[in-house]
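I have placed the structure first, in the form of structure tokens, so that the comments after it can refer back to it.
By convention here, the first residue in the shown sequence is residue 1. Atoms within each ligand, like the ligands themselves, are counted from 1 in listed order. Computed from heavy atoms alone, side chains included, the values below leave out hydrogens, waters and symmetry copies. None of these values were measured; they are calculated from a predicted model.
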Amino acid sequence: MSTATLTRDLIVTQARALKLPGLARAFEPLARQARDAHWPHEDYLHEVLTAEHTSRHESVMRQRLHEAKFPEVKTLDTFDFAAADGVNATQIHTLARGEWITAPANLILAGPIGTGKTHLAIALGVEATKQKRRVLFVRAADLVRQLLEARDTRELGRLQRRLRTCELLIVDELGFVPFDRPGGELLFNLISERYERRATVVTTNLAFAEWVTVFAGDEKLTTALLDRLAHHATVITTKGKSYRMRKRRGTE
Ligand code: ADP
Ligand code: MG
């Protein structure tokens, strides 16, 4: 075995032991480049470390994207702003930077079915994962069902902790399924716990005045929930006809 091969194998073993997968992949091709172009040693080391850094960043992003549990990945570059009534591209791109998540503030996307609310919520969530933030996407009905189930199996504390701490919680489709009183109260508690601590996105087909119908007609609870949610919130109201229907008909 040549010394070069021996050294190569040693580096691979060391990289594995030190958990440096990016370095393990990059050091050989970069070494060839460095030799051909007569790079100073420091430049070579810098390039190898950059490769490791990039690889780590990408792996965290992949992990965050996986943990977010998006039903499907939607992005801002596939969103047709010209076809989205009520949506301002500049505002969305500002939100994509994520300062509001750090603040933290909330985002409410309200409007009729098929107007891009879920698409935008996911796309902003994807941007947040690129900033290495912990995101969780859940449909309102599933969230309440999970909370009720956890309460019945004495796992409520653990679930609440997870929901309380995730940096961006996206609650999709509030209003499709009404909750019974205990379900509504669990959702209210969650929103209260996150209030001024963590950012939340809610998408809904309902106008604020109609929210009470989701919470078993409980005016007091609905008002208190809306107060907390809307206190530091951007409200975007999407308008118009369903995007898919329009595409199908080929109109506009
Ligand atoms: P909502 O959540 O408001 O009911 P969705 O975001 O689920 O609507 O949109 C329905 C479908 O139409 C999705 O596949 C979504 O990607 C697409 N869609 C909606 N609005 C747009 C848009 N402005 N540009 C591109 N795709 C859109
Ligand atoms: Mg939707």
Side-chain angles (χ1 to χ4, degrees), residues 61 64-98 100-101 105-130 133 135-147 163 166 168-179 183-184 187 190-191 194 199-215 222 225-226 229-230 233-252:
M61 268 163 38
R64 294 285 183 269
L65 196 63
H66 175 74
E67 288 166 353
K69 301 207 172 87
F70 296 119
E72 52 189 324
V73 174
K74 298 274 182 182
T75 53
L76 285 181
D77 49 287
T78 62
F79 192 80
D80 180 0
F81 285 96
D85 205 1
V87 181
N88 175 313
T90 312
Q91 183 182 27
I92 298 295
H93 284 110
T94 305
L95 289 169
R97 292 208 305 262
W100 63 285
I101 304 174
N106 298 329
L107 172 65
I108 300 169
L109 291 156
I113 291 167
T115 52
K117 303 183 298 295
T118 302
H119 187 133
L120 284 173
I122 294 176
L124 290 172
V126 168
E127 292 303 312
T129 64
K130 290 187 196 163
R133 301 180 195 268
V135 180
L136 183 65
F137 178 99
V138 66
R139 288 197 185 87
D142 294 334
L143 174 62
V144 167
R145 188 179 41 76
Q146 285 167 23
L147 285 165
L163 292 168
C166 92
L168 180 64
L169 178 69
I170 304 173
V171 182
D172 194 35
E173 297 184 352
L174 186 94
F176 278 13
V177 184
F179 313 125
L187 184 60
L190 175 62
I191 298 297
R194 293 180 64 84
T200 306
V201 178
V202 173
T203 85
T204 180
N205 56 318
L206 301 179
F208 288 142
E210 299 170 312
W211 280 40
V212 67
T213 59
V214 185
F215 295 96
T222 310
L225 179 127
L226 263 172
L229 209 56
T234 302
V235 181
I236 295 175
T237 311
T238 58
K239 300 183 185 82
K241 294 240 161 53
S242 155
Y243 180 80
R244 274 204 196 117
M245 298 275 270
R246 274 191 288 163
K247 286 275 131 169
R248 214 171 298 146
R249 289 196 195 125
T251 52
E252 286 190 283

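The closest protein non-hydrogen atom to atom 12 (O) of ligand 1 is Tyr243 CD2, 3.6 Å. Of the protein's non-hydrogen atoms, His119 ND1, 3.4 Å is the one closest to atom 15 (C) of ligand 1. The protein non-hydrogen atom at the shortest distance from atom 13 (C) of ligand 1 is Lys74 NZ, 3.7 Å. For atom 3 (O) of ligand 1, the closest non-hydrogen atom on the protein side is Lys117 NZ, 2.8 Å.
Counting heavy atoms closer than 4.0 Å to ligand 1, residue Asn205 contributes nothing at all. Contacts between Phe79 and ligand 1 below 4.0 angstrom, taking non-hydrogen atoms only, involve backbone and side chain alike. Contact annotation for Glu173 and ligand 1: no heavy atom of the residue comes within less than 4.0 Å of the ligand.
With Ala110, Gly116, Ser242 as candidates, the residue nearest to atom 8 (O) of ligand 1 on a non-hydrogen basis is Gly116. Of the candidates Thr118, Leu76, Asp85, the one placing a heavy atom closest to atom 2 (O) of ligand 1 is Thr118.
Between the side chain of His66 and the main chain of Met61, no donor-acceptor pair closer than 3.5 Å is present. When atom types are taken as modelled, the side chain of Asn106 and the backbone of Leu229 share a donor-acceptor pair closer than 3.5 angstrom.
Relative ring orientation between His119 and Phe79 is described as perpendicular, the plane-to-plane angle rising above 60° on a 0-90° scale split at 30° and 60°.
Ligand 1 lies nowhere less than 4.0 angstrom from a heavy atom belonging to Thr203.
For NZ of Lys69, the number of neighbouring non-hydrogen atoms (other residues, nucleotides, ligands) closer than 6.0 Å is 12 at most.
Heavy-atom contacts of Ile113 reach the following atoms of ligand 1: 4 (O) (cutoff under 4.0 Å). Atoms of ligand 1 lying under 4.0 Å from at least one heavy atom of Asp80, given by number and element, are 22 (C), 23 (N), 24 (N), 25 (C). Each of the following atoms of ligand 1 lies closer than 4.0 Å to a heavy atom of Arg244: 11 (C), 12 (O), 13 (C), 14 (O).
Close N/O approach between Ala83 and ligand 1 is not found [any backbone or side-chain N/O within under 3.5 Å]. Taking distance alone, with nitrogen or oxygen atoms compared against 3.5 Å, Gly114 approaches ligand 1 more closely than that limit.
Applying the side chain to side chain contact (heavy atoms under 4.5 Å, CB included) test between Leu169 and each of Leu190, Val202, Val201, Val135 identifies Leu190 as the sole match. Here the options are Asn205, Thr237, Thr238, the test is side chain to side chain contact (heavy atoms under 4.5 Å, CB included), and the partner is Pro112; only Thr238 passes.
Taking backbone and side-chain atoms together, Asn205 has no N/O/S atom less than 2.8 Å away from the Mg ion (ligand 2).
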